[in-house]
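Notes follow the structure.
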Amino acid sequence: PGGTGGMPNSLAIKFDLYSNSGEGSDSTGLYTAGASPTIPAINLAPSGILLAKGNPILASLTYDGTTLTLTLTDQVTKKTFTQGFTVNIPSVVNANAAYVGFTGGTGGYTALQRILNWTYTQTAPAQ
């Protein structure tokens with residue numbers, strides 16, 4: 001059930017190119033409490049972001065204390081997708097600090113997942 005399966009104090013954003021539960025071949029979503037990252041899901045195809053195409057995609061996540069915003073930009077076509085998820089991250093992970101990581105799976109396909117670069121920047125909360 002994904003890299004956070006069975007982890008009750010977890011939050012995951014998926015980038016999914018395998019439709020194993022009818023979610024489509026290009027989807028994303030936010031999953032908490034170790035939930036299987038299948039459905040509900042958001043179809044990326046209308047945005048032109050096609051994960052299986054193999055183009056480098058810049059993923060940016062920002063969190064303002066209420067909304068986790070995901071922005072995807074295809075680095076070849078320059079097409080973009082933005083989605084906000086209302087979530088209280090400290091409540092979900094049951095702490096004010098958490099580990100950040102990456103996991104991958106291929107479903108019924110052979111796929112290559114590469115993280116070319118990533119940066120974590122913490123800013124002071126608004127007063």
Side-chain angles (χ1 to χ4, degrees):
T4 59
M7 296 175 68
N9 298 329
S10 65
L11 178 140
I13 298 286
K14 78 166 181 172
F15 305 101
D16 194 351
L17 54 88
Y18 185 73
S19 182
N20 52 330
S21 293
E23 68 272 24
S25 59
D26 287 287
S27 66
T28 189
L30 180 138
Y31 304 88
T32 61
S36 180
T38 54
I39 51 178
I42 299 163
N43 184 1
L44 293 169
S47 72
I49 301 288
L50 303 174
L51 300 173
K53 191 171 185 175
N55 291 350
I57 296 174
L58 175 65
S60 174
L61 291 164
T62 58
Y63 183 62
D64 66 6
T66 303
T67 304
L68 180 62
T69 301
L70 166 66
T71 302
L72 301 176
T73 306
D74 185 307
Q75 298 298 282
V76 175
T77 68
K78 302 302 180 194
K79 296 190 183 231
T80 63
F81 168 85
T82 300
Q83 176 70 43
F85 301 97
T86 301
V87 62
N88 181 328
I89 294 175
S91 177
V92 168
V93 300
N94 198 29
N96 287 325
Y99 292 100
V100 175
F102 303 94
T103 184
T106 59
Y109 294 139
T110 299
L112 176 65
Q113 296 90 22
R114 293 183 284 182
I115 309 252
L116 301 177
N117 186 15
W118 81 281
T119 304
Y120 173 82
T121 304
Q122 183 173 348
T123 58
Q127 298 297 322

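Please read these numbers as outputs of a predicted model, since none were measured by experiment.
Put simply, CG on Asn96 and CD1 on Ile89 are 11.5 Å apart, with the number rounded to the nearest 0.5 Å. In this structure, NZ on Lys79 lies 13.0 Å from CG on Leu44, to the nearest 0.5 angstrom.
By the 4.5 Å heavy-atom criterion applied to side chains, Leu68 and Ile13 are counted as neighbours. Within the 4.5 Å cutoff, no side-chain heavy atoms of Ile49 are placed close to those of Asp26. With a 4.5 Å cut-off on side-chain heavy atoms, Phe85 and Thr32 do not count as touching.
Two different hydrophobic clusters hold Tyr31 and Val87 under the rule that ILVMFWY side chains link at heavy-atom gaps under 4.5 Å. Side-chain heavy atoms closer than 4.5 Å link hydrophobic residues (I, L, V, M, F, W, Y) into clusters, and following such links, even through other members, never connects Phe81 to Leu50. Clustering ILVMFWY residues whenever any of their side-chain heavy atoms sit less than 4.5 angstrom apart, transitively, puts Tyr63 in the very cluster that holds Leu72.
In terms of the side chain to side chain contact (heavy atoms under 4.5 Å, CB included) criterion, residue partners of Leu116 (sequence neighbours excluded) are, by chain and number, Arg114. Listed by chain and number, the residues in a side chain to side chain donor-acceptor pair (under 3.5 Å) with Asn88 amount to none (sequence neighbours excluded). Scored by the side chain to side chain donor-acceptor pair (under 3.5 Å) test, Ser27 finds Lys14 as partners (sequence neighbours excluded). For the side chain to side chain contact (heavy atoms under 4.5 Å, CB included) test, no residue two or more places apart in sequence or in another chain qualifies with Pro40. For Thr38, the side chain to side chain contact (heavy atoms under 4.5 Å, CB included) criterion is met by Asn20, Ser21, Glu23, Ser36, not counting sequence neighbours. The ring-ring contact (aromatic ring centres under 6.0 Å, His included) search around Tyr99 returns none, not counting sequence neighbours. With sequence neighbours excluded, the residues forming a side chain to side chain contact (heavy atoms under 4.5 Å, CB included) with Thr80 are Thr73, listed by chain and number.
Of all non-hydrogen atoms in Ser25 and Ser19, the two that sit nearest each other are N-CB, 4.1 Å. Of all heavy-atom pairs spanning Val93 and Ala98, the tightest one is CG2-CB, 4.2 Å.
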Extract all donor-acceptor atom pairs below 3.5 Å that involve side chains of residues 51-62 and protein atoms in other chains or at least two apart in sequence.
| unit_1 | atom_1 | unit_2 | atom_2 | d |
| --- | --- | --- | --- | --- |
| Asn55 | ND2 | Asp74 | OD1 | 3.2 |
| Asn55 | ND2 | Asp74 | OD2 | 3.0 |

